[in-house]
Amino acid sequence: MTERYYLTTPIYYVNARPHLGHAYSTIVCDAIARRKRALGVETWFLTGTDEHGQKIERSAKKAGSTPDEFATKISAEFSSSWQRLGLTPDDFIRTTEERHKRGVQKLFATLRDRGFIYKGSYTGQYCVSDEAYVDGEPGTVCPDCGRVTETVKEENYFFKLSAFEKPLLDLYEQHPEFMQPESVRREVLSFVRGGLKDLSVSRTSFTWGIPVPGDEKHVVYVWLDALANYITALGYGSDDAASKANFEKFWPAKVHLIGKEISRFHCVYWPAFLLAAGLPLPLQVRANGWLLFDQSKMSKSRGNVVRAESVADVLGVDALRYFLLREIPFGQDGNFSFDALVQRYNGDLANGYGNLVSRVVNMMHKFFEGVVPDAGPLTEAEEKLRATATATIPEFNRGFDEFDFSGALKSVWSLVADVDGYLTATAPWKKPADRSEADHAALQARVLATAAEAIRVITGLVYPVLPASAEIVWRQLGQGEIADAAKKNFLKCLAWGGLKAGTKFGEPAPLFPRAEKDTAERMEALEAENNKSAVEAVGGPIEMDDVKVAPAEVAKKIAEPDATVVAAKPAAPAPEATVPATPAAPAPAATDAAAPAAPAAEEKTLITIDDFVKVELRVAQIIVAERIPKADKLLRLEVDLGDEKRQILAGIAQYYEPEKLIGRKIVIVANLAPRTMRGLVSHGMLLAASLEGGVPVLAGFHEEVPLGARLK
């Protein structure tokens, strides 16, 4: 039986131009889809735009256009942006398309015919920005976006959401993997356990939406409309045989990838609608966190957002893809800044993978005329590298399958560092005086063939994340076109030993030129120009209220991995009509951890030995030290603990020259919670003595001490 994989992004609301938050979700889906296809899995990747609702109607009027004209213009920006970023969705759904309208009306009629929709009326508070009902009196502030709600009174159709409280709780208990990460799971559980009220699923106070079948003065509530895209895009509601077959082939979805702010709609409303309609449930809903932006680079005049193109046009699309997947642990909030992007680009791509490829390809041309030599008998060093590369393949795959993209990439870059270390140790470019020409030629052949094979494995693994760069490297390694290899499911059989002796390398080509000091400033300038052009393109400023930039209190908690920000619970409106008898709610289709305890109060005076042993002091060696632009006091250090490498920011720039720190062994606090400064994550703290005037002196050793050794 053919394995199939259907994954979706949220469809993006067209009240805002595409920005980095939209790109993040879509790039993650694209990386998953590329990998699945290269593994031989029949894959369908869906994205699109959500174009109905009162907010769009008002925004269009403000811009002096019809809702359809307004939505079409912004939707085209999303489609164009995804093309510029080289993304590969199999379908792009617009909720104004006829196929979607037909499917939504069928779903609404099905829910009504099965007794789960009835007519009533509602008086209460409504948030136009979030298209959500809110409990409270007139003047109540929306708990999600902070805007003042509006009082509405209108006739509505209601969905019997209250009938699904127990079926949903049963679903969550029987299938804990249904909604992740755990912070979202806890929030949704709390919401449902608090009691569910019936939900209004139509509006009569505006007309920009899909008419309710048989009662056209009502339009379908925008969230029922929008959520249905996941099935209407596959052909639900169509009479066409091919469309029906596509729906049968790919539904239910393997995963809905969403932003955490819309988890309630996807984990409560959507499964309830599907259960009521007798349709299978998606297997999983995965929520990513918010992107936090460097506060010094934000202003209302610029919309508080960054366009993906501002990065792609300067550093390339792959640099953006790598940064987002490597820098931000999926499911957690993460920080974005141009400075952090440049640091990661230079450290991992230019000086890491790119430099490694350049060294090996150039030496292969220099010493062997671009033809892979026979490696000959291998030594312990080559066998060790082979074993490491072989172990990295399942480690990377496991991380990717578990949505730990950062961890998966970390394992590959550990292999990059190992290959770099292997080259440095063997030095094939340098012949000692006491080594014969024959022995040196044999060493060069063995080392370069081994290093090139390791690069082939690395390139295959990173292909879903760095597709354009992997294509260049694959060609340089004489492997042909990586797109052809992907169509032949090359990742399914990726293993050590695929680079054969006699393979002719392609010509060397630049991969990741080192970013200059002004790169961040260039991206900022381009961002300002892009924003100006975007405003002019739509005839004026666009509301940015779907941009989920975490508030200040969330930003303070970014360094606390276990911190969970729980949104206040908006309630569904209470109907003002007698509710008809509810049919028995269907059982969930087959398809917790408790919140962490609050830390004990910090002891301000004496501590016990038990307190002291909680501090993990370890020996580390500084391997990179450089100044941080616009930060007079901070140095960015990369330290080696033997079993891992870390980045630490230290306020010692006024007392130590960076180049003189490289190679120095120091002591760090290794179990300190990470924190973010200047857009960079610092994972640890240096140990230093503070002299008169606050001058720091780093702790060190006279004796030889192994890296990673713990101080007791």
Side-chain angles (χ1 to χ4, degrees), residues 11 48-57 66-68 71 93-122 126 131-133 152-164 198-244 246-248 251 265 269-281 572-573 575-583 585-586:
I11 54 172
T49 47
D50 177 8
E51 303 179 18
H52 288 136
Q54 189 172 12
K55 183 163 51 174
I56 301 303
E57 188 174 73
T66 67
D68 184 61
I93 182 79
R94 295 183 58 194
T95 59
T96 48
E97 294 180 53
E98 186 60 34
R99 60 171 172 160
H100 179 71
K101 174 182 175 181
R102 183 171 55 242
V104 169
Q105 289 183 324
K106 177 181 178 179
L107 178 61
F108 192 98
T110 299
L111 296 175
R112 185 173 56 192
D113 293 346
R114 289 168 66 93
F116 288 102
I117 285 182
Y118 63 93
K119 185 179 283 189
S121 63
Y122 169 69
Y126 188 77
E131 301 284 5
Y133 298 94
V152 297
K153 182 173 183 177
E154 57 185 342
E155 180 183 80
N156 300 96
Y157 282 95
F158 284 82
F159 172 71
K160 295 182 180 178
L161 184 65
S162 57
F164 292 90
D198 290 352
L199 176 71
S200 171
V201 288
S202 76
R203 300 292 306 276
T204 56
S205 56
F206 62 94
T207 59
W208 182 238
I210 296 174
V212 168
D215 196 352
E216 281 73 16
K217 73 175 182 179
H218 288 258
V219 295
V220 177
Y221 174 49
V222 67
W223 272 106
L224 174 55
D225 170 353
L227 289 164
N229 91 91
Y230 302 128
I231 56 177
T232 63
L234 291 178
Y236 175 83
S238 174
D239 295 327
D240 177 67
S243 296
K244 288 181 177 179
N246 204 46
F247 179 73
E248 293 296 326
W251 188 257
F265 301 100
Y269 300 166
W270 181 227
F273 294 153
L274 292 170
L275 288 170
L279 294 171
L281 303 184
E576 298 176 351
T578 302
V579 182
T582 303

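Note that the numbering runs from 1 along the sequence shown for the chain. No hydrogens, no waters, no symmetry mates; every other heavy atom, side chains included, goes into these values.
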Task: For Ser205, all residues meeting side chain to side chain donor-acceptor pair (under 3.5 Å), sequence neighbours excluded - done: Glu154, Arg203
TODO: Could you please spell out the steps behind the side-chain contact (heavy atoms from CB on, under 4.5 Å) verdict for Arg112 and Tyr118?
DONE: CA-CA 7 Å; Arg112 185 173 56 192; Tyr118 63 93; over 6 Å; no
TODO: Name all residues meeting the side chain to side chain contact (heavy atoms under 4.5 Å, CB included) criterion together with Ala226; count only those two or more places apart in sequence or in a different chain, and write none if there are none.
DONE: Ile11, Asp50
Open item on the list: Rounded at 0.5 Å granularity, tell me how far CG in Leu107 sits from CG in Leu279.
Closed with: 7.0 Å
Task: Partners passing side chain to side chain donor-acceptor pair (under 3.5 Å) against Ser243 (at least two apart in sequence or in another chain) - done: Asp240
Task: Parallel, tilted or perpendicular, as decided by the 30° and 60° cut-offs, for the rings of Phe159 and Phe116 - done: tilted
Open item on the list: The criterion is ring pair (Phe, Tyr, Trp, His ring centres under 6.0 Å); which residues satisfy it with Tyr157, sequence neighbours excluded?
Closed with: Phe108, His218
TODO: Using atom types as modelled and distance alone, determine if a side-chain donor or acceptor of His100 lies under 3.5 Å from a backbone N or O of Asp225.
DONE: yes
- [ ] Can you measure from OG1 (Thr95) to CD1 (Ile210) and round to the nearest 0.5 angstrom?
- [x] 6.5 Å
Task: side chain to side chain contact (heavy atoms under 4.5 Å, CB included) against Thr207, all qualifying residues, sequence neighbours excluded - done: Glu57
Task: Results of side chain to side chain donor-acceptor pair (under 3.5 Å) for Tyr230 - residues two or more places apart only - done: His266
- [ ] Determine whether Val201 and Asn156 make a side-chain contact, defined as any pair of heavy atoms from C-beta on separated by less than 4.5 Å.
- [x] no
Open item on the list: Going by the rule side chain to side chain contact (heavy atoms under 4.5 Å, CB included), which residues pair with Thr110 if we only count those two or more places apart in sequence or in a different chain?
Closed with: Lys106, Arg114, Tyr236, Ala277
- [ ] Kindly write out the residues that satisfy side chain to side chain contact (heavy atoms under 4.5 Å, CB included) with Arg99, not counting sequence neighbours, or none if the list is empty.
- [x] Asp91, Ile93, Glu97, Arg102, Ala233
Task: Rounded distance [0.5 Å steps], OH in Tyr221 versus CG in Leu199 - done: 6.0 Å
Task: Set of ring pair (Phe, Tyr, Trp, His ring centres under 6.0 Å) partners for His52, sequence neighbours left out - done: Trp208
Task: Under the ring pair (Phe, Tyr, Trp, His ring centres under 6.0 Å) test, residues paired with Phe206 that sit two or more places apart - done: none
TODO: Check salt bridge (Lys or Arg N to Asp or Glu O under 4.0 Å) between Arg94 and all other residues, then give those that pass, not counting sequence neighbours.
DONE: Glu51
- [ ] Answer whether the closest heavy-atom distance between the side chains of Ser200 and Phe158 falls below 4.5 Å.
- [x] yes
Open item on the list: Could you measure the distance from the CD1 atom of Ile117 to the CG atom of Leu111? Nearest 0.5 Å is fine.
Closed with: 4.5 Å
Open item on the list: Restricting to non-hydrogen atoms, name the atom on Asp198 and the atom on Ser162 that form the minimum distance, rounded to 0.1 Å.
Closed with: OD1-OG, 2.6 Å
Open item on the list: Going by salt bridge (Lys or Arg N to Asp or Glu O under 4.0 Å), name the residues that satisfy it together with Glu155, two or more places apart in sequence or in a different chain.
Closed with: Lys119, Lys217
- [ ] If the plane angle is over 60° it's perpendicular, under 30° parallel, otherwise tilted; pick one for Phe273 and Trp270.
- [x] perpendicular
- [ ] Can you see which heavy atom on Gly103 is nearest to which on Thr232, and at what distance?
- [x] CA-CG2, 3.7 Å
Task: Val219 and Val212, any side-chain heavy atoms less than 4.5 Å apart - done: no
Open item on the list: Keeping Asn246 on the side-chain end and Gly235 on the backbone end, is there a donor-acceptor pair under 3.5 Å?
Closed with: no
